[in-house]
Novice: 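This is the structure I want to talk about, given as structure tokens.
For the single chain, residues carry numbers from 1 onward in sequence order. Small disclaimer: the values here were computed from a predicted structure and weren't measured. For the numbers below, each heavy atom of this structure counts, side chains included, while hydrogens, waters and symmetry mates do not.
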Amino acid sequence: EEFSYTVASIQKHAMHPEVSKGGAWEDIAYWICTFANNQYAVEEELGTDVCESSFFITLRSGSCRGTCLILRDHAEPLKRSWCL
């Protein structure tokens, strides 16, 4: 259920006219932190400097057009400082 909610949320976001800009929503790519970082070795993945992290590198890549935060009923990510 959680993953299908995530997929549906991303699809809805991609289909929004401000995001798709008249193009096909299926052509929009999303970088998902949970899938991009080895969750069993997060410290090694993030490095010793925030500028070495894959999240920072992705946001500064020049191809990132925005961010998308998926919230559930209790808005749990907003309790995490790195999500604010």
Side-chain angles (χ1 to χ4, degrees):
E1 178 183 328
E2 294 292 325
F3 186 69
S4 62
Y5 179 85
T6 299
V7 171
S9 297
I10 291 172
Q11 182 178 10
K12 185 175 181 180
H13 182 263
M15 294 173 87
H16 191 281
E18 287 294 317
V19 176
S20 60
K21 307 263 187 216
W25 68 267
E26 297 95 338
D27 293 336
I28 297 173
Y30 285 82
W31 181 87
I32 301 173
C33 184
T34 302
F35 299 147
N37 293 319
N38 180 347
Q39 298 300 301
Y40 297 102
V42 173
E43 289 183 24
E44 292 85 4
E45 292 280 324
L46 297 180
T48 57
D49 182 346
V50 70
C51 296
E52 297 173 1
S53 71
S54 59
F55 188 68
F56 180 88
I57 293 167
T58 300
L59 289 176
R60 304 287 290 186
S61 69
S63 62
C64 180
R65 297 188 336 202
T67 60
C68 180
L69 176 63
I70 299 171
L71 298 175
R72 294 298 301 235
D73 299 337
H74 301 296
E76 293 293 326
L78 299 180
K79 294 179 180 178
R80 301 175 184 160
S81 61
W82 60 89
C83 293
L84 299 177

Novice: Using salt bridge (Lys or Arg N to Asp or Glu O under 4.0 Å) as the criterion, list what pairs up with Glu2, not counting sequence neighbours.
Specialist: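 Expected list: Arg72.
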Novice: Considering residues at least two apart in sequence or located in another chain, which fulfil the side chain to side chain donor-acceptor pair (under 3.5 Å) criterion with Ser54?
Specialist: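 In terms of side chain to side chain donor-acceptor pair (under 3.5 Å), with neighbours along the sequence ignored, Ser54 is linked to Asn37.
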Novice: Through direct or indirect side-chain contacts below 4.5 angstrom among Ile, Leu, Val, Met, Phe, Trp and Tyr, which residues connect to Met15?
Specialist: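 Same cluster as Met15: Trp25.
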Novice: Taking only residues at least two apart or on different chains, which pairs with a member in residues 11-21 satisfy side-chain hydrogen bond (donor to acceptor under 3.5 Å, both in side chains)?
Specialist: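 For residues 11-21: His13-Tyr30.
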Novice: Please name all residues satisfying side-chain contact (heavy atoms from CB on, under 4.5 Å) with Glu43, sequence neighbours left out, ordered by chain then number.
Specialist: none
Novice: Please name all residues satisfying side-chain contact (heavy atoms from CB on, under 4.5 Å) with Thr6, sequence neighbours left out, ordered by chain then number.
Specialist: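 Thr6: side-chain contact (heavy atoms from CB on, under 4.5 Å) contacts with Ile10, Ile70.
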Novice: Are Ile32 and Val7 connected in the hydrophobic side-chain network, where two residues link if heavy atoms are under 4.5 Å apart?
Specialist: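 Result: yes, single cluster for both.
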Novice: Check side chain to side chain donor-acceptor pair (under 3.5 Å) between Ser61 and all other residues, then give those that pass, not counting sequence neighbours.
Specialist: Ser63
Novice: Quick one: list whatever passes side chain to side chain donor-acceptor pair (under 3.5 Å) with Tyr5, sequence neighbours left out.
Specialist: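 Not a single residue meets the side chain to side chain donor-acceptor pair (under 3.5 Å) criterion with Tyr5.
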Novice: According to side-chain contact (heavy atoms from CB on, under 4.5 Å), who are the partners of Asn38, at least two apart in sequence or on a separate chain?
Specialist: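 If we apply the side-chain contact (heavy atoms from CB on, under 4.5 Å) test to Asn38, skipping adjacent residues, the hits are Tyr40, Ala41, Glu45.
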Novice: List for me each residue that meets side-chain contact (heavy atoms from CB on, under 4.5 Å) alongside Ile57, sequence neighbours excluded, and say none if there are none.
Specialist: none
